[in-house]
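Convention: sequence-line order gives letters A, B, ...; per-chain numbering from 1. Computed from a prediction, not measured in an experiment: that's the story for all the values here. Computed over heavy atoms, backbone and side chain alike; hydrogens, waters and symmetry mates excluded.
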Amino acid sequence: MNSISIRQTFFDFFESKSHFIEKSAPMVVKNDPTLMFTNAGMNQFKDIFLGNSPAKNPRVANTQKCLRVSGKHNDLEEVGHDTYHHTMFEMLGNWSFGDYFKKEAIAWAWELLTEVYKIDSKSLYVTVFEGSREENLEPDDEAREYWKQFVPEERILYGSKKDNFWEMGDTGPCGPCSEIHVDIRSYEEKNKIPGQQLVNTDHPLVIEIWNLVFIQFNRLSNGSLQPLKAKHVDTGMGFERLCMVLQGKLSNYDTDIFQPYIRKLSELTGKTYGKNEEADIAMRVISDHLRAVSFAIADGELPSNNKAGYVIRRILRRAVRYGYTFLDFREPFIHELVPVMVENMGAFFPELPAQKELIMRVIAEEEGTFLKTLATGITKFENYIRNNPENKIIEGSFAFELFDTYGFPVDLTQLMAREKGFTVDMQGFESGMKQQKERSRAAATMETQDWIELNPGNMETIFLGYESLQAEVKPLRYRKVTSKGKTFYQLVLDKTPFYAESGGQVGDRGTLKSGEITLRILDTQKENNLSVHIVDKIPGQWPDSFIATVDENKRKLTENNHSATHLMHSALRKVLGTHVQQKGSLVDEKRLRFDFSHFAKVTPEEIEKIEQLVNERIRANIQQEEHRELSMEDAQQMGAIALFGEKYGEKVRVIAFDKDYSAELCGGTHVHSTGQIGLFKIVSEGAIAAGIRRIEAVTGRVAEDFVNGKIHTLNQVREILKNPKDIVKALQQLQDENETLNKQIHQLQKAQAGSMIDKLKSRVQKIGNLNFITVKLGIDPQMAKDLAFEMKKQMDNLFLVIGHHADGKAGITLMISDNLVNEKQFHAGNIIRELASEIEGGGGGQPHFATAGGKNVDGLDKAIEKAIEFVKK
RNA sequence: GGGGAAUUAGCUCAGUUGGCUAGAGCGCUUGGCUGGCAGCCAAGAGGUCAUCGGUUCGAAUCCGAUAUUCUCCA
């Protein structure tokens, strides 16, 4: 059975058990401060488990693209070294939200594995939770009883809290789980050691295949467990592992999911998979990471230098490094595997073929820059070796510096060190690493307390903000959050006119009032589907309700920019082409920022065209059309633009301004008619990554100010130039004139210096073989310096002392010919320090040239006398 | 969010503890030579040493801030 039909069979099976087949949520998580990437199938249903949203379907099944590279689940460094760790993988799952529980979940799992997929039931083992005294929990005998109907008791094992009690995080929904393990060893091996002994021992051929989680508790922040009213089932089965088992392979990488990449890599390198362990690891690493990175880019997360984007960059770089070290790649190569991936997964994940070119470009660009970084690291390393040839040990601090500052992986440093007969002080490296981690942790502590219930209410806050900016609202619950010594409160209301930040539009600000009490809402944020109002203080006594008022000015200005973003998005697609896709958007009261895929600089002519189109639509004063509660199909029928990497519900909202011109799926707030926007003006255009451009623009009053500012500057220039007819020509002339004048000055100075040189030459005193000159001039230090160097060129055996003064400051410049320095051991720097005391200053320099400066101009004569005395001695 | 670093000619980069009035290679311009694949020789142009401020007799070099980029940690 190939992987495509294995996936389909899973869906068909659960559909037959009345499950709704949900789409995979994007791999990149938005609106959840605790999570950067989807790392488990349950992420997209988190709100249902937390009781923030009602379940739309009580039974759901899906495959979810997951990424485990940060936080609690971090498998990155394992990938490639064994046959079953992955960064990106698919998680198949079935879900019950307060519907069926242990009995059905267990029966169906068994049925699917043994009767549909036909796995030999004798090689399957199951585990159940053994209970925990510290938590005061009994063993999960309920699950055990159900299993006994299918599985002989000797293959039902008890598991510890670590393996068989699943928790989402430090707090939140949790419960016992029951795992199904499969033993795919050979007959002989099985006879030698019974599978029971190898369950949960990290044996690569006795592996967990499916985890059935029975969510029945809520973990509070004080650590105690609270039973849930509605119990849920959350299961997860690793798709890649399942394919391995069903295809009779011993490694995930031998399945038809990964083999195409490995074949392509063999072709590119001429190396055969399975011949050399290191090359094999590299090929596994690359085929795994390619998938992770490609999906991330397709979901709109580009490699960058911080946050989620940085995680993506690191994954890609790990792949490049393995290719560099073990497959001898010196040129970008990973991007060449993208077409293979599109061919293999494109049918089920349409975001891949749709963005193939972008993915390839971005990866190729990243590969190129990292290969460059490696080259700088190598130079740095070689310099170190050259400067420290004898100790044969690379200090930990240097290895850490290479790693920390130049991104040079430490295992590569070790490898190169070995080639030069050096070793790396790993202890020193680790201690640097430890310090770094401690610093970061200390800086990022955030403490969130439990919710405190004020009033019972609905699960999801009702948003009133599309129609009204003021409403009477009831506080439902709040909690205290402390972050870096600052304390604030998150407040949930039954309904709200406040827009919570999402879709690029910033959250609303405003006030909550009740009698004497006024709470300022500093921001409104979204945590998954929950609208959270941020307040800096809470009242001693909570009133039953507040009058909530949104800061209207800020909201209106923001709406201008948001609607203008839609108009511009359409204009971009008209002017540049339909390959333009939104890759990021930020809309606040000051400006709009829009990132989109496009492969060339947007020319000034195109910018002008875009502005024209948008302003035309503004002047047409088009009425906003809002369609709420549309099905996805109807929305697409309308031609509404949807974004990749955005999670949409069953019902979507479409905002259109003349639906043939602009229609977009959007939850944001907008102007009633485009005329309100006033003026639209693009302020900047530039690249932010390979294939991605960013435009910033302003609207309304801000746009007027921007244009007026430009005009004002121009007027000022005009005025300075005395109102010429052609301002550009006038400036050009001015510049030319400036150039000729500068040349003239230069020549004059030369001439002047010439006459001064003559003057100096005429003052030569022969003292021994010395050509001794002293002079006092009203020139600045720079000129004195020029003069001194010119004299040095023209006269041998020179000992020149120039006392100079300008702007009330005194200075001495001393020049001695090189031969005198050598013969008589003169040191101008030392001599001048003596002289400088006379002008109440300090100085210094090299043996042949030195300068000094001071406050006392009257002391110059004395300083010169001192010089004469010195020379005469 | 926290740390470390980088920014010098059109490009790639040197510039050692502050001081020989900012250098190299490639590219560019001009002239000369040359029947040859990166031709050779000579001369020349090109730099507010990222920006702003400070310390100093003197700053590309030291200190601070800003911007941009790289990099590690969370």
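- Taking atom NZ of K434(A) as the reference point, atom C1' of rA74(B) lies 17 Å away to the nearest angstrom.
- Distance check on atom P: rU48(B) versus rC40(B) gives 31 Å, rounded to whole Å.
- The local environment of NZ in K866(A) is crowded, with over 12 non-hydrogen atoms from other residues, nucleotides or ligands closer than 6.0 Å.
- Protein atom CD of E438(A) is 12 Å distant from nucleotide atom P of rA74(B), rounded to whole Å.
- Counting heavy-atom neighbours within 6.0 Å of K590(A) NZ, excluding the residue itself, gives a total of 12 or less.
- Summarising the local packing, NZ of K792(A) is surrounded by more than 12 heavy atoms from other residues, nucleotides or ligands at distances under 6.0 Å.
- Contact annotation for Y406(A): backbone-only contact, meaning every heavy-atom pair under 4.0 Å involves sugar-phosphate atoms and none involves a base.
- Across residues 811-830 of chain A, not one residue has a non-hydrogen atom less than 4.0 Å from an atom of RNA chain B.
- Residues satisfying the side-chain hydrogen bond (donor to acceptor under 3.5 Å, both in side chains) test with Y489(A), not counting sequence neighbours, are none.
- Going from atom CZ of R313(A) over to atom P of rC73(B) covers 13 Å, rounded to whole Å.
- Here, rG47(B) and rA60(B) have their C1' atoms 11 Å apart, quoted to the whole Å.
- The C1' atoms of rU7(B) and rU61(B) are separated by 14 Å, rounded to the nearest whole Å.
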Between N or O atoms, less than 3.5 Å apart, protein on one side and nucleotides 57-67 of chain B on the other: list the pairs.
from    : atom 1 : to      : atom 2 : distance (Å)
rC57(B) : O4'    : G842(A) : O      : 2.9
rC57(B) : O4'    : G853(A) : N      : 3.0
rC57(B) : N1     : G842(A) : O      : 3.4
rC57(B) : O2     : T851(A) : O      : 3.0
rC57(B) : O2     : T851(A) : OG1    : 2.7
rC57(B) : N3     : G844(A) : N      : 3.3

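- In this structure, the ring of F381(A) has its center no less than 6.0 angstrom from the ring center of F398(A).
- Annotation: side chain to side chain contact (heavy atoms under 4.5 Å, CB included) contacts of H598(A) (sequence neighbours excluded): L576(A), H579(A), F596(A), A600(A), V602(A), R693(A).
- Applying the 6.0 Å contact sphere to CG of D818(A) captures more than 12 heavy atoms from other residues, nucleotides or ligands.
- Put simply, CZ on F398(A) is 14 Å from C1' on rG4(B), counting in whole angstrom units.
- Centroid-to-centroid, the aromatic rings of F789(A) and F849(A) come within less than 6.0 Å.
- Q794(A) pairs by the side-chain hydrogen bond (donor to acceptor under 3.5 Å, both in side chains) definition with K761(A), E790(A), not counting sequence neighbours.
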If you restrict it to nitrogen or oxygen atoms, what contacts under 3.5 Å exist between nucleotides 44-53 of chain B and the protein, and what is each distance?
none

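- Comparing the P positions of rU69(B) and rG64(B) gives a spacing of 22 Å, expressed to the nearest Å.
- The side chain of R439(A) places no N or O atom within less than 4.0 Å of a non-bridging phosphate oxygen (OP1 or OP2) of rG1(B).
- Residues satisfying the side chain to side chain contact (heavy atoms under 4.5 Å, CB included) criterion with I393(A), sequence neighbours excluded, are T423(A), D425(A).
- With sequence neighbours left out, the side chain to side chain contact (heavy atoms under 4.5 Å, CB included) criterion links E834(A) to no other residue.
- Comparing rG18(B) with rU56(B), their C1' atoms sit 9 Å apart, to the nearest whole Å.
- Atom name P, nucleotides rA38(B) and rC33(B): the rounded distance is 24 Å, in whole Å.
- Between the CG atom of D404(A) and the P atom of rA74(B) there is a distance of 12 Å, given to the nearest Å.
- Taking atom P on both nucleotides, rA45(B) is separated from rA5(B) by 39 Å, rounded to a whole Å.
- A search for side-chain hydrogen bond (donor to acceptor under 3.5 Å, both in side chains) contacts involving N856(A) returns nothing, not counting sequence neighbours.
- Nearest-nucleotide assignment on RNA chain B puts the 5′-proximal partner with E790(A), out of E790(A) and E366(A).
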Verdict with supporting geometry, R593(A) and D588(A), salt bridge (charged side-chain N to carboxylate O under 4.0 Å, His left out) = CA-CA 9 Å; R593(A) 201 176 75 193; D588(A) 63 21; over 6 Å; no

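- If you find the closest nucleotide of RNA chain B to D786(A) and to E401(A), the one lying nearer the 5' end belongs to E401(A).
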Please output the side-chain donor-acceptor pairs of residues 401-409 of chain A that fall under 3.5 Å, not counting sequence neighbours, one pair per line with the distance.
from    : atom 1 : to      : atom 2 : distance (Å)
D404(A) : OD1    : Q436(A) : NE2    : 2.8
T405(A) : OG1    : E401(A) : O      : 3.4
Y406(A) : OH     : K380(A) : NZ     : 3.4

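- Partners of H81(A) according to the side-chain hydrogen bond (donor to acceptor under 3.5 Å, both in side chains) rule, which considers only residues two or more places apart in sequence or in another chain, are Y322(A).
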Using Watson-Crick or G-U wobble pairs with both distances under 3.5 Å, give me RNA chain B in dot-bracket, 5' to 3', with [ ] for crossers and | for pairs to another strand.
-> (((((((..((((.....[...)))).((((((.....)))))).....(((((..]....)))))))))))).

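- rA50(B) and rU34(B) have their C1' atoms separated by 45 Å, given to the nearest Å.
- rA74(B) atom P lies 10 Å from atom CE of M36(A), rounded to whole Å.
- The base of rG2(B) sits with one of its N or O atoms less than 3.5 Å from a complementary donor or acceptor on the side chain of Q436(A).
- In this structure, R694(A) places its CZ atom 10 Å from P of rU68(B), rounding to the nearest Å.
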